[in-house]
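First up is the structure itself, then whatever we jot down about it.
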Amino acid sequence: MSLRIYNTLGRKKETFVPRNPGKVGMYVCGPTTYDLIHLGNARPLVVFDTMRRYLESIGYQVTYVQNFTDIDDKIINRAQERGEDPLALAERYIGEYFTDAAALRVRPATIQPKVSGHLQEIITMIEQLVEKNHAYVVDGDVYFSIPSFPSYGKLSGRAMDDMIAGARVDVDARKGHPMDFALWKAAKPGEPAWPSPWGPGRPGWHIECSAMSEKYLGQQFDIHGGGQDLIFPHHENEIAQSEACSGAENMAKYWLHNGFITINQEKMSKSLGNFFTLRQILAKFPGDVVRYYLLATHYRSPLDFDDTKLATAQRSLQRLRTSRRLLTEALASGQGAPAKEEAIQALQQSVDQAQAGFQAAMDDDFNTALAISHLFDLAKEINVFTQQNQGGGETVLTAAAETFDRLMQVLGLEEVTVDNVKDEQETKLLEGVMALVLRLRAEARQKKDWATADAIRDGLKEVGIVMEDTPQGTRWLKA
RNA sequence: GGCGGCAUAGCCAAGUGGUAAGGCAGAGGUCUGCAAAACCUCUAUUCCCCAGUUCGAAUCUGGGUGCCGCCUCCA
């Protein structure tokens, strides 16, 4: 089996063959940091983070670059509204971004470059484009000349003539071609500006990704990702800039694009006002639940959002967590009759199937939804085994635990143990209290004082602690 | 107008030629003092509609309907 990836460039699945064996260079367009990210922004974070994890899990050394756009019109506008320095505002939201990303268990990229730190690279690239007659200067602005790059449109499948017919934008008369786009924008009074050969100004939106991807990954690399709405014009323009500049074909070998999150079947976007910030959602649901929800649908499919979907995701994830907990308990108890040989074989087979099925699913264009279903299959067998065998089977139980944990980790859904001192102390305290409560309740039950036993159980449920009576005793867990 | 995508049970969602995964919800049962969790059984003769190709189609072709996205900043 080998990994196959759907390539937007060509619109079909292709076998993944990196340019350099064993290594993957991956660039994903990151956020423009002028506000908190919303759920729609969260999808690519989780999706591409999961791809990266999978690539690493099958042995690739991945260089993952994700940029921050910290120089941009929206940032400038927002800063002016608030009377704040634009770069300071951008920096603040970069901080907020990391808080959200961590909640979603998104690992920091290998390199997270900012536009503000790459003006020199950007200016150099623009100079080269001007020199090669792919760009021209008008009153301190620099534009990329579309007609100078004949394959323009190859990613989005657009013909320039078609677009002119449907253009809804007022065309700047100074442009040589209506679709020409800005590489450098001259600063208006009061706007932040950087010196350049064409006068003070700032980079256009698209050039940053061309300059930074080349700096960190080279003129040609493996994977370039982003949301579907970036296909045109952003990625199309990136291709034009990079390939016109370098003369090399296919700056990225594989172009991957995630589908959109909709609300009531409508695209979630700030202009429609129908968005939820991730912060709002994280106030109601844990980050791992949001992550699970995002991975339970294939990354290219549209995903409709509402609260009930997250509640469903929470219950689904809970099922996996319960199963994993049963595994831990079975390994801890180790008492009683040895497990039956058939049962051991059945579980081992299930472990092997989960591993193979998971990999096959991920190999097919990162089919996380199918991969997750294999975890449920494994969970089912774990539940059957632990219910029917009291003790024994350490070897297979350990194998099940290892496989389960490893696969969950690829999805970024492994259980996280909090290891700061304060939490540790509180955990100890809680455990002490619960041991006492459990003992008192056990005494009540022994006396068949069901009223007291039930009052304790119901009362604890109110505060978020669930009690379950089992033949081996009562266990409790935070809901 | 151009380009692209989607339509599978009550809900979510896999599935590109071989006879419908998985989750949630629901029904019945086992277990339990009662619960919870877990387990067992059941819940789409059918995949938007029509026609065609094929021994065979949710999967391919043609037509139709509905919905969505991009073409302007947007993940």
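In what follows, chains are A, B, ... by sequence order, proteins preceding strands, each numbered from 1.
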Next item on the list: Taking A:R105 for its side chain and A:E414 for its backbone only, find out whether a donor-acceptor pair lies under 3.5 Å.
Entry: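 Confirmed, A:R105 side chain pairs with A:E414 backbone.
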Taking the same atom, [atom1], in [N] and in [M], what whole-Å distance lies between them?
| N | M | atom1 | value |
| --- | --- | --- | --- |
| B:G62 | B:U41 | C1' | 44 Å |
| B:G66 | B:C49 | P | 15 Å |
| B:G15 | B:C39 | C1' | 28 Å |
| B:U8 | B:A35 | C1' | 37 Å |
| B:A27 | B:A13 | C1' | 23 Å |
| B:C31 | B:C40 | C1' | 11 Å |
| B:C60 | B:U30 | C1' | 47 Å |
| B:U43 | B:G63 | P | 39 Å |

Salt-bridge test for [X] and [Y]: reply yes if a basic N is under 4.0 Å from a carboxylate O, no otherwise.
| X | Y | result |
| --- | --- | --- |
| A:E191 | A:K185 | no |
| A:K309 | A:D304 | yes |
| A:D141 | A:K175 | no |

Donor on one side chain, acceptor on other, [X] and [Y], under 3.5 Å:
| X | Y | result |
| --- | --- | --- |
| A:S145 | A:D180 | no |
| A:T69 | A:E208 | yes |
| A:T277 | A:R279 | no |
| A:H206 | A:H235 | no |

Looking across every strand, which nucleic acid part, if any, lies under 4.0 Å from [X] by heavy atom: base, sugar-phosphate, or nothing?
| X | answer |
| --- | --- |
| A:H38 | base |
| A:G40 | base |
| A:I231 | nothing |
| A:T262 | nothing |
| A:F376 | sugar-phosphate |

Note to self: Do A:Y54 and A:Q359 make a side-chain contact, defined as non-hydrogen atoms from C-beta onward lying under 4.5 Å apart?
What the structure shows: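 With C-beta onward as the side chain, the pair touches.
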Nucleotides 9-12 of chain B: which of its N/O atoms have a protein N/O under 3.5 Å away?
none

Next item on the list: Using atom NE2 of A:H234 as one end and atom P of B:A75 as the other, report the distance to the nearest whole Å.
Entry: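 Between P of B:A75 and NE2 of A:H234: 10 Å.
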Check: How does protein reach along nucleotides 32-41 of chain B, written 5' to 3' as B (base within reach of a heavy atom under 4.0 Å), S (only sugar-phosphate), or - (no contact)?
Finding: -BBBBSBSS-
Item checked: Sequence-aligned protein contact record of nucleotides 25-30 of chain B, with B where the base is within under 4.0 Å of a protein heavy atom and S where only the sugar-phosphate is -> S-----
Next item on the list: Cation-pi check, A:R43 to A:F260: give yes when NZ or CZ is under 6.0 Å from the six-membered ring centre and within 45° of the ring axis, no otherwise.
Entry: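 So A:R43 doesn't make the cation-pi contact.
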Check: Quick one: does NZ or CZ of A:R319 land under 6.0 Å from the six-membered ring centre of A:F376, within 45 degrees of the ring axis?
Finding: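 So A:R319 doesn't make the cation-pi contact.
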Next item on the list: List in chain and number order the residues that pass side chain to side chain donor-acceptor pair (under 3.5 Å) with A:T452, two or more places apart in sequence or in another chain; answer none if no residue qualifies.
Entry: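 Scan of A:T452 (side chain to side chain donor-acceptor pair (under 3.5 Å), adjacent residues dropped) gives A:D449.
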Notebook entry, point to check: Pairing of RNA chain B as dot-bracket, 5' to 3': ( ) intra-strand, [ ] crossing, | other strand, . unpaired, with Watson-Crick or G-U pairs under 3.5 Å?
Noted result: ((((((((.[[[..)..(...]]].(((((.......))))).....[[[[[..)....]]]]])))))))....
Next item on the list: Among A:N367, A:T50, A:D365, find the residue that satisfies the side-chain hydrogen bond (donor to acceptor under 3.5 Å, both in side chains) test when tested with A:Y299.
Entry: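 For A:Y299, the side-chain hydrogen bond (donor to acceptor under 3.5 Å, both in side chains) test succeeds with only one of A:N367, A:T50, A:D365, which is A:D365.
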Margin query: Please give me every residue in residues 64-81 of chain A whose heavy atoms get under 4.0 Å of an atom in RNA chain B, ordered by residue number.
Written below: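 Result for residues 64-81 of chain A: A:K74, sorted by number.
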